[in-house]
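Have a look at the structure below before the remarks.
Since the model is a prediction, treat every value here as computed from it, not as a measurement.
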Amino acid sequence: QVQLVESGGGLVQAGDSLRLSCAASGGTFSRYVMGWFRQAPGKEREFVAAIHWIGSSTHYVDSVKGRFTISRDNPKNTVYLQMNGLKPEDTAVYYCAADRRYVISTTIDEYDYWGQGTQVTVSS
């Protein structure tokens, strides 16, 4: 069983930056595709970014391209989401997720393990 714990959320102003971290334990972290999702109040959870375990190829939702960067440190069992140029519409609970399959997916149901989430609030 894999446990995921997110940290790094907070209250910031528009244009600021935050770096989210997700620490994994209990599994073979280097073999998982890792993803970040978010859920705003009253909205469904949506895909934000993902990173493969081979070659660290990445994929982003269009709304964060050029502003967010996902990365991973396999020896530390940690995945990061660097968020720059934050906007009020980025306000949400951000979740880390792990997928045991070989390919990057943007689909919630494809991910096997989830963290508890960390709140990001961006004021205008």
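- Here the closest heavy-atom approach between residue Ser17 and residue Gly85 is recorded as OG-N, 4.3 Å.
- Hydrophobic clustering (side-chain heavy atoms under 4.5 Å, transitive across Ile, Leu, Val, Met, Phe, Trp, Tyr) keeps Tyr80 apart from Val61.
- In this structure, the side chain of Thr91 engages the main chain of Val122 through a donor-acceptor pair within 3.5 Å.
- With respect to Ser57, the side chain to side chain contact (heavy atoms under 4.5 Å, CB included) criterion is satisfied by exactly one of Val33, Ile51, Ile104: Ile104.
- With Gln39 contributing its side chain and Ala92 its backbone, the two residues share no donor-acceptor pair below 3.5 Å.
- Formation of a donor-acceptor pair under 3.5 Å by the Thr107 side chain with backbone atoms of Asp109 is not found in this model.
- Nearest approach of Tyr111 to Ala97, heavy atoms of both residues: CD2-CB, 3.5 Å.
- Other residues, nucleotides and ligands place more than 12 heavy atoms under 6.0 Å from the CZ atom of Arg101.
- Glu6 contributes no side-chain N or O that, together with a main-chain N or O of Thr118, makes up a donor-acceptor pair within less than 3.5 Å.
- In this structure, Arg45 is not positioned above the aromatic face of Phe37 in the sense of NZ or CZ being under 6.0 Å from the six-membered ring centre and within 45° of the axis.
- The aromatic rings of Tyr102 and Trp53 stand perpendicular to each other, their planes meeting at an angle above 60°, with 30° marking the opposite boundary.
- Gly9 and Leu20 get closest at one heavy-atom pair: N-CD2, 3.6 Å.
- The pair Lys87-Asp90 does not count as a salt bridge, with every side-chain nitrogen at least 4.0 angstrom from each carboxylate oxygen.
- Of the possible donor and acceptor atoms, none in the side chain of Glu46 sits under 3.5 Å from a partner among the backbone N and O of Glu44.
- Residues Ile70 and Met34 approach most closely at CD1-O, 3.8 Å, considering heavy atoms.
- Tyr32 approaches Arg72 most closely through the heavy-atom pair O-NH1, 2.8 Å.
- A cation-pi arrangement, defined by a distance under 6.0 Å to the six-membered ring centre and an angle within 45 degrees of its axis, is absent between Arg67 and Tyr60.
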